[in-house]
Student: 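Supplied in structure tokens, the structure appears directly below.
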Amino acid sequence: MLLPAGRRRGGARRRVLAAVAGSAVLALGLSGCTAFAGALSGLGFDVPPQLPEEPAGTVEGFGAQEPIWLPCGSGMQCSDIWAPLDWGDPGGEKITLRLIKHEASDAEPLGTLFLNPGGPGASGVEYLSGGVEFAVQEDVLQKYDVIGWDPRGVGRSTPVECLDAKGMDDYLFGDDETADLEQGSPAWVSAAEAETREFGEACLERTGDLLGHVDTLSTVRDLDMLRAIVGDEKLNYLGYSYGTKIGAMYAGEFPERVGRLVLDGAMDPTSTQGDVVWYQTQGFELALRAYVTDCLEGDDCPFTGSVDEAMGEISEQLTQIENHPLRGSDGRPLTVGTMLTAIITPLYSESRWDYLDQLFTSVAEGNADVALALADLYYDRENGRYLTNSTEAFSAINCLDYPAPELDMEQARASADELAKIAPTIGRYQGYGEIGCYGWPIESHSQAAPITAAGADPILVLGTTGDPATPYSWAVSLADQLESGVLVTRVGEGHTAYGENDCINDVVDDYLLTGAVPASDPRCE
């Protein structure tokens with residue numbers, strides 16, 4: 001889930017830019033978001049599924065659980081299981097994880113395929129409940145039980161909780177209270193840190209000790225527990241975007257337990273918080289330029305002239321909103337940060353670029369409602385309610401995964417200037433990403449490092465050349481790092497590859513069904 005800059009302070013505290021493939025926007029496209037809400041309403045989750053007997057307080061005890069699977073709509077089965085709050089103390093406090101399963105139709109299935117749609121903060125339960133046919137191809141469905149789960153802190157697992165709906169509206173959509181402060185000034189940085197601290201303290205108060213245990217490594221340990229619970233000797237796994245980080249880290253921790261791993265829209269485990277901001281800012285600038293190029297070739301484009309002139313018009317529109325925010329029919333302001341969210345949301349999929357036509361046309365006419373609707377879609381907001389806790393979980397997980405470095409203002413200003421150069425349209429709003437987790441109440445102890453997974457079976461790494469959220473270079477880097485990494489390229493635009501291209505589908509399905517990998521990169525077009 002890329003959560004662009006821009007909060008109630010118009011970007012005073014820049015949200016760390018991080019990738020996701022399987023949030024409603026990313027994996028299923030814009031129409032998938034509303035489909036999720038409708039699907040969940042019929043799942044019968046008001047009363048949680050029955051938990052198995054509490055396991056003995058050992059790693060082996062958790063892996064020996066026997067889930068109680070109950071029907072939960074559309075041929076799916078759901079269950080809750082236990083996990084230790086802290087894998088370093090399995091005898092201590094416990095949390096629960098929610099699972100959803102689609103059973104293989106074949107009488108002799110190959111095992112279980114675990115699926116993570118990304119995030120951090122995206123729900124695997126929602127993803128599969130929105131339609132299992134969107135998740136994997138029919139041949140794979142026949143041969144595998146497919147299980148999605150809500151990672152710790154997410155959705156219907158024991159969740160991260162921070163603010164009520166009104167508080168989230170103020171946090172994400174409130175008026176800019178620091179518009180007169182110079183970006184990067186001491187007062188601006190102080191305001192950003194205070195905002196992070198205030199939000200983090202609210203999360204800590206409502207979430208408790210779990211807030212310190214939603215890091216990705218803890219989720220990797222949960223995933224190995226799930227593998228043991230279903231009885232598979234090796235893990236079969238399909239992960240999108242942030243889900244590739246989970247899969248790669250699993251391979252690094254348990255290389256001997258790697259079965260068939262597909263990492264689609266790969267993240268680079270060596271990337272720091274600053275690297276993520278830099279690459280994604282460049283990626284979305286290029287995606288926006290690709291949209292404009294395509295738009296100008298059509299009949300109903302809201303722009304005229306050259307590509308550079310159209311990009312200049314978008315830049316001017318952003319400046320106008322920055323200086324004079326519009327208001328939606330519900331009274332919410334359209335700040336420049338929310339406008340960036342609205343722009344970025346359709347850029348995840350080329351098939352959704354027509355939403356940008358509507359966006360730019362309506363804003364030019366002084367109407368903020370389309371922009372706010374796109375931002376609502378991004379934040380899983382509907383009629384004033386937040387359907388998921390994805391935004392809260394996103395911050396909590398990222399701030400544990402990416403340590404806040406010692407702030408060097410001179411270097412930070414230089415980085416901000418560089419972002420404005422490499423991304424002339426949106427880069428000026430993406431600077432100072434280094435402060436994304438300043439003031440967070442839980443200190444991070446994670447470190448960016450390469451993953452080799454020596455001795456693991458072949459791992460399929462998918463990258464799309466025009467991917468704005470997880471740039472193609474990250475897939476190349478991860479495939480190079482992994483001792484058994486096999487790069488498969490999709491030549492095209494948009495985030496992630498599987499399900500978007502017949503050539504890619506054939507390669508992935510063949511791998512999942514037989515273990516075969518291509519002798520060389522097929523570069524699917």
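Fair warning: this is a prediction, and the values are worked out from it, not measured in the lab.
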Student: Ring-plane angle category for Trp440 and Phe199, please: parallel below 30°, perpendicular beyond 60°, tilted otherwise.
Tutor: tilted
Student: Is the CD atom of Glu133 crowded by more than 12 outside heavy atoms at less than 6.0 Å?
Tutor: yes
Student: For the pair Ser185 (side chain) and Leu181 (backbone), establish whether a donor and an acceptor sit closer than 3.5 Å, ignoring hydrogens and angles.
Tutor: no
Student: Side chain of Ser477, backbone of Trp474: donor and acceptor closer than 3.5 Å?
Tutor: no
Student: With respect to Val262, which candidate in Val508, Val488, Val136, Val461 satisfies the side-chain contact (heavy atoms from CB on, under 4.5 Å) definition?
Tutor: Val508
Student: Taking C-beta and beyond as the side chain, do Ser362 and Asp369 meet within less than 4.5 Å on heavy atoms?
Tutor: no
Student: Under the side-chain contact (heavy atoms from CB on, under 4.5 Å) rule, what do Tyr279 and Thr470 come out as? Steps first, then yes or no, please.
Tutor: CA-CA 8 Å; Tyr279 280 103; Thr470 52; over 6 Å; no
Student: Report yes if some heavy atom in the side chain of Leu223 is under 4.5 Å from a heavy atom in the side chain of Ile246; otherwise report no.
Tutor: yes
Student: At their closest point, which heavy atom of Ala479 faces which heavy atom of Leu487, and how far apart are they?
Tutor: CB-CB, 3.9 Å
Student: Taking the six-membered ring of Phe114 as reference, does the cationic atom of Lys101 (NZ for Lys, CZ for Arg) lie under 6.0 Å from its centre and within 45° of its axis?
Tutor: no
Student: Taking side chain as C-beta onward, heavy atoms only, is Leu99 less than 4.5 Å from Val125?
Tutor: no
Student: What is the distance from atom CG of Leu359 to atom CG of Asn367, rounded to the nearest 0.5 Å?
Tutor: 10.5 Å
Student: His495 and Thr464: side-chain donor and acceptor closer than 3.5 Å?
Tutor: no
Student: Using the benzene-type ring in the case of Trp, are the ring centres of Phe134 and Tyr127 under 6.0 Å apart?
Tutor: no
Student: Checking side-chain polar atoms at under 3.5 Å, does Asp357 have a donor or acceptor matched by the opposite partner on Tyr291?
Tutor: yes
Student: Do any N or O atoms from the side chain of Ser444 and from the backbone of Ser446 form a donor-acceptor pair under 3.5 angstrom?
Tutor: yes
Student: Does the side-chain contact (heavy atoms from CB on, under 4.5 Å) test come out yes or no for Thr216 and Tyr242, once each step is laid out?
Tutor: CA-CA 10 Å; Thr216 300; Tyr242 165 75; 2.7 Å; yes
Student: Using a strict cut-off of less than 4.0 Å between a Lys/Arg side-chain nitrogen and an Asp/Glu carboxylate oxygen, indicate whether Asp376 and Arg332 qualify as a salt bridge.
Tutor: yes
Student: Would Thr489 and Tyr472 count as having a side-chain donor-acceptor pair, cut-off 3.5 Å?
Tutor: yes
Student: Does any N or O in the side chain of Asp275 come within less than 3.5 Å of the main-chain N or O of Thr272, such that one atom is a donor and the other an acceptor?
Tutor: yes
Student: If I take atom CD1 from residue Ile504 and atom OG1 from residue Thr496, how far apart are they, to the nearest 0.5 angstrom?
Tutor: 10.0 Å
Student: Is there a side chain to side chain donor-acceptor pair (under 3.5 Å) between Arg428 and Ser315 once you walk through the steps?
Tutor: CA-CA 10 Å; Arg428 55 189 162 134; Ser315 183; 2.8 Å; yes
Student: Are the side chains of Glu392 and Met168 in contact, using a 4.5 Å heavy-atom criterion?
Tutor: yes
Student: Measuring only between side-chain heavy atoms, which start at C-beta, is Tyr240 closer than 4.5 Å to Asn116?
Tutor: no
Student: Within the side chain of Asn389, is there an N or O that forms a donor-acceptor pair under 3.5 Å with the backbone of Gly153?
Tutor: yes
Student: Looking at every non-hydrogen atom in both residues, tell me the closest pair between Glu285 and Ile422 and how far apart they are.
Tutor: CG-O, 4.2 Å
Student: How far apart are the closest heavy atoms of Met339 and Ile321, and which atoms are they?
Tutor: CG-CD1, 3.6 Å
Student: Less than 4.5 Å apart, side chain to side chain, heavy atoms only: is that true for Pro333 and Leu326?
Tutor: no
Student: Can you pull the disulfide (SG to SG under 2.5 Å) pairs that have at least one residue in residues 279-314, sequence neighbours excluded?
Tutor: Cys295-Cys301
Student: Can you confirm whether Cys399 sits close enough to Ile442 that some side-chain heavy atom of one is under 4.5 Å from a side-chain heavy atom of the other?
Tutor: no
Student: Tell me if the CD atom of Gln411 is crowded by more than 12 foreign heavy atoms within 6.0 Å.
Tutor: no
Student: Taking all heavy atoms of Ser157 and all of Leu97, pick out the closest pair and write down the distance.
Tutor: OG-CA, 3.2 Å
Student: Does the pair Trp278 and Gln430 meet the rule for a side-chain contact (heavy atoms from CB on, under 4.5 Å), with working shown?
Tutor: CA-CA 8 Å; Trp278 195 94; Gln430 299 302 109; over 6 Å; no
Student: Report yes if the side chains of Thr465 and Arg523 come closer than 4.5 Å at any heavy-atom pair, otherwise no.
Tutor: yes
Student: Can you tell me how far the OG1 atom of Thr388 sits from the CZ atom of Arg381, to the nearest 0.5 Å?
Tutor: 13.0 Å
Student: Quick one: pull up CZ in Arg289 and CG in Leu347 and give me the separation to the nearest 0.5 Å.
Tutor: 14.0 Å
Student: What are the two closest non-hydrogen atoms of Ala135 and Leu128, and how far apart are they?
Tutor: CB-CD2, 3.6 Å
Student: CG/Asp401 to CG/Asp215 distance, rounded to the nearest 0.5 angstrom?
Tutor: 6.5 Å
Student: Are more than 12 heavy atoms from other residues, nucleotides or ligands located less than 6.0 Å from atom CG of Asn323?
Tutor: yes
Student: Do Asp268 and Thr270 have a side chain donor and acceptor closer than 3.5 Å?
Tutor: yes
Student: Side chains of Arg156 and Thr96: is there a donor and an acceptor less than 3.5 Å apart?
Tutor: no
Student: Are Thr207 and Glu161 linked by a side-chain donor-acceptor pair shorter than 3.5 Å?
Tutor: no
Student: Got a second to check how far Asp467's CG is from Leu286's CG, nearest 0.5 Å?
Tutor: 11.5 Å
Student: Taking the six-membered ring where the residue is Trp, are the ring centres of Tyr379 and Tyr386 under 6.0 Å apart?
Tutor: no
Student: Using modelled atom types only, decide if a donor and an acceptor are shared between the side chain of Asp264 and the backbone of Thr244 within a distance under 3.5 Å.
Tutor: no
Student: Does Val363 form a side-chain contact (heavy atoms from CB on, under 4.5 Å) with Leu334? I'd like the steps, not just the answer.
Tutor: CA-CA 10 Å; Val363 169; Leu334 175 62; 4.2 Å; yes
Student: Does any N or O in the side chain of Ser271 come within less than 3.5 Å of the main-chain N or O of Met267, such that one atom is a donor and the other an acceptor?
Tutor: no
Student: Could you check, using the six-membered ring where one of them is a Trp, whether Tyr348 and Phe284 have ring centers closer than 6.0 angstrom?
Tutor: yes
Student: Looking at every non-hydrogen atom in both residues, tell me the closest pair between Glu500 and Asn505 and how far apart they are.
Tutor: N-OD1, 4.2 Å
Student: Would you kindly say whether Glu322 and Tyr429 are connected by a side-chain donor-acceptor distance under 3.5 Å?
Tutor: yes
